[in-house]
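Note sheet for the following structure.
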Amino acid sequence: MTGSDFVMNNELTIRLGFFFSIFAAMALWEIIAPRRSLHTSKAVRWSNNLGLVFFNTLVLRLVFPAAAVGMALFAIEQGWGLFNFIVAPLWAAVLASVLVLDFFIWLQHVMVHAVPVLWRVHRVHHADLDFDVTTGSRFHPLEILLSMLIKFAVILLLGPPVLAVVLFEVILNATAMFNHSNVRIHPTIDRFLRLVVVTPDMHRVHHSIEEDETNSNFGFNLPWWDRLFGTYRAQPRAGHEAMTIGIRTFREDKWCSWLPGIIAIPFVGKVQDYTINRRRQ
Ligand SMILES: [Zn+2]
Ligand SMILES: [Zn+2]
């Protein structure tokens, strides 16, 4: 059995294994060396954020049972996509596919900030009043479905090896938990680390209440896209301890911490105050 077969046959076990072990490691690290003190009840936030993750997993499995791996297999069967068309060594196809998928997730993230109706949905991720390991998986079900559709489109054009899709999803899941966690990392180590991966200090800038800071550091995994396309910002103006996390429009626990409010956020109020559709009458 090759490495690829092993990954394919044990996909769910690998995914869950990585999820739970990295979650536990980051949760423990947050207790031992927290970066900031939390502002709202951890018990309430965690139970509602994790409730949302559980709900999203169910919705995703129900709507797209075959998921991204199924789409990659479909593309291989049909001979669709670049890597089912050209002959490339497996390692090169895997490396290139992971890079391309990561770029499109970055681009999607920029677009959900730029397009007002998508920002409505993405506000759920930003309305968390604290920033910790559970924030990393806190997305509205509509955004989870949108992400999957975009991944499907990229997979159909790219024709990546199944191994690349599983690898990408496991890595993204792991780095999202890492870079949302409320952990203290020595500034010197952080400086080196953020040359290859988005660190918590780098992504926390993106969760600032200050709009210009929110509109920077869109990467969830590789830090290079932000540097390459001009959206990189090293630190928040107020510093990591003093900066305010969240968005101005939603500051109450009812919207920010409890599931019914979180789910309702996309449908509440008007978006008139955000970058692309700001109106000055
Ligand atoms: Zn965002
Ligand atoms: Zn985030």
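Just so you know, ligand 1 is whichever comes first in the structure, and atom 1 is the first atom listed for that ligand.
Between His203 and Phe220, the distance from one ring center to the other falls under 6.0 angstrom.
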Which is it for Asn221 and Asp102 under the side-chain hydrogen bond (donor to acceptor under 3.5 Å, both in side chains) test, yes or no, and what are the steps along the way? CA-CA 7 Å; Asn221 182 25; Asp102 194 62; 3.2 Å; yes
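Arg204 and His240 get closest at one heavy-atom pair: NH1-ND1, 3.0 Å.
Around the Zn ion (ligand 2), the protein N, O or S atoms closer than 2.8 Å are His125 NE2, His180 NE2, His203 NE2, His207 NE2, listed by chain and residue number.
Taking a cutoff of 4.0 Å between a charged side-chain nitrogen and a carboxylate oxygen, Asp212 and Arg237 qualify as a salt bridge. In summary, Arg35 and Asp201 engage in a salt bridge, as defined by a charged side-chain N under 4.0 Å from a carboxylate O.
Looking at heavy atoms from C-beta onward, Phe192 lies out of side-chain contact with His186 at the 4.5 angstrom threshold.
Taking the Zn ion (ligand 1) as the corner point, the angle from His113 atom NE2 to His109 atom NE2 is about 100° (rounded to 10 degrees).
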